[in-house]
2 protein chains.
Amino acid sequence: MAEEAEGAEEPVKKKRGVGRPRRVDTETIVATARRILTEEGVAALSMRRVAKEVGTTPMALYHHVRDKDDLLMLTLSGTAATTPRPELPAEPRERLLAVSLHMHDTLARLPWVVEVLGLGDLTDKGALWMVEEIVGAGIDCGLTPADAVRAYRTIWHCVYGDLVFRQAMRRRAEDPDRKRYFPDMLTEADADELPHLAALAGRWDELTEDYDVAHQLGAVVDGLLGRAERAPTSPG
Amino acid sequence: MAEEAEGAEEPVKKKRGVGRPRRVDTETIVATARRILTEEGVAALSMRRVAKEVGTTPMALYHHVRDKDDLLMLTLSGTAATTPRPELPAEPRERLLAVSLHMHDTLARLPWVVEVLGLGDLTDKGALWMVEEIVGAGIDCGLTPADAVRAYRTIWHCVYGDLVFRQAMRRRAEDPDRKRYFPDMLTEADADELPHLAALAGRWDELTEDYDVAHQLGAVVDGLLGRAERAPTSPG
DNA sequence: ACCTGAACACCGTTCAAGT
DNA sequence: ACCTGAACACCGTTCAAGT
């Protein structure tokens, strides 16, 4: 029984390179795509590249996936399971914040996942526990189930937005001859129309780097919980 | 000489199909790209397509823009000016909310802009008044300038996230044979591990459609303003 | 059922050469 | 300075045919 479980669990990989190309199975295709994404990012993934690395023709892939977007979504499944599930505080507001931050910090290490998530689907079953915890904690804080879902969505937007623009910032930092726009585009003449921005221009980069998602999420959660925030969180 | 001036000022367009192609200028290139983006979206934009519509070779474009990303960023300039600037309430918290919503509603009508903004730069000078107003309103509500910038960034993440996933939802709705993942992936067996999600699965689509950015932003702003929210906003 | 070969209609960008 | 032609090294996807 131990062996059976072991064999069923083990991913196939390209163990036998000798014989003629074998029939490919969907999991090999998805796993290969996931490896390319992890190592080189979304821009490096092409159907032809996956086919080549799997040892088949591009068209063979279309027997297992509908199209490239479908393949991208399939690569998400199982990624949440690669990060251990943390211990969570019992107090619901703290639990809500802890899960939100766990979500953020996990994804910050998986830049390709952020790009694929923009396609908009929750496809990794192993990630649903985070949604469950956030919604559950919201309810425990006094929100209605519907409001807890709305709160989850808003928190997700904050997390996702931070990740997207953090990645954009990193890309820009890596390409040194990239043009800068804001705040460099501001001239002295703009100080009349845009006084605060003109005053802050010199500190903009510093403020961008200082941006602390954890702190901001704390404030956002306070707002989302509203009056429920001050409801008695009975200390035992 | 009159002809020379006429030719120089007037945007070229394809008025004269007869003669050999004229020298192209950057603004024509950018305007053509912007038209393609407006009419057909980011996926339809290619350097070759722009070159063809401008009446030149792909390589001529590289004399005016660094690369495709650069062209994309240049297309943003001037788009904010296409939406009239609204009257804003005087009360700072309401002004903050009104500008944030104006930002959202403007971009909801410009889906290609949302895609390009993911590149991460504020390139349209005509859009900066919104940042100025949000930061200014934050300061008027009692935030420090630094906290007002952080608040602006968090609000922007909420706005951007909503737009991205709203667009993804629309895309999915337009492709009827696209696979659905959540909540369809939930089985009865998941009700143990994911009780709230299982209970809410049937209402998920309804809750997604009901999501009201204005309402959520109101809560987020409350949280961001924190105690300053109740500070006296001296009426004179 | 699953896979292949060839083809269609494209990409972004470099390079050396022209005017 | 500005533009061109040809080339390089790719794309996603369709179709008809093979086993």
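So you know, we letter chains A, B, ... as the sequences are listed, proteins then strands, and number each from 1. Side-chain atoms are counted along with the backbone in the values below, which use heavy atoms only and exclude waters and symmetry mates.
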### Query
When rounded to the nearest Å, what value does the distance between P atoms of C:dA9 and D:dC10 take?
23 Å

### Query
Rounded to whole angstrom units, what separation is found between the CZ atom of A:R48 and the C1' atom of D:dC8?
15 Å

### Query
Between atom CG in B:L45 and atom P in C:dT13, what is the gap in whole Å?
11 Å

### Query
Name the stems that DNA chain C belongs to, where each is three or more consecutive Watson-Crick or G-U pairs with both distances under 3.5 Å?
C:4-8 with D:12-16, C:12-16 with D:4-8

### Message
Using OP1 and OP2 only, check whether a side-chain N or O of A:T56 sits under 4.0 Å from C:dC3.
### Response
no

May I have the list of side-chain donor-acceptor pairs in residues 70-77 of chain A shorter than 3.5 Å, sequence neighbours left out?
unit_1: A:D70; atom_1: OD1; unit_2: B:K179; atom_2: NZ; d: 3.1
unit_1: A:D70; atom_1: OD1; unit_2: B:Y181; atom_2: OH; d: 3.1
unit_1: A:D70; atom_1: OD2; unit_2: A:R66; atom_2: N; d: 2.9
unit_1: A:D70; atom_1: OD2; unit_2: B:K179; atom_2: NZ; d: 3.1
unit_1: A:T75; atom_1: OG1; unit_2: A:L72; atom_2: O; d: 2.4
unit_1: A:S77; atom_1: OG; unit_2: A:L74; atom_2: O; d: 2.9

### Message
Among residues 59-67 of chain B, which ones have heavy-atom contacts with DNA chain C below 4.0 Å?
### Response
B:M59, B:Y62, B:D67

## Note on the structure
A:K68 atom NZ is separated from D:dC11 atom P, nearest whole Å, by 9 Å

### Message
So that I can tick it off, tell me whether B:D121 and A:R172 are bridged by a salt bridge, with the cut-off set at under 4.0 angstrom between side-chain N and carboxylate O.
### Response
yes

### Query
For D:dC11, does OP1 or OP2 lie under 4.0 Å from any side-chain N or O of A:S46?
yes

### Task
Please tell me which of the listed nucleotides, C:dG5, D:dT13, C:dG12, lies nearest to the side chain of A:M47?
D:dT13

### Message
Using side-chain heavy atoms (C-beta onward) and a distance below 4.5 Å, is A:F165 in contact with B:H157?
### Response
yes

### Message
Salt bridge or not between B:E40 and B:R49? Use side-chain N to carboxylate O under 4.0 Å.
### Response
yes

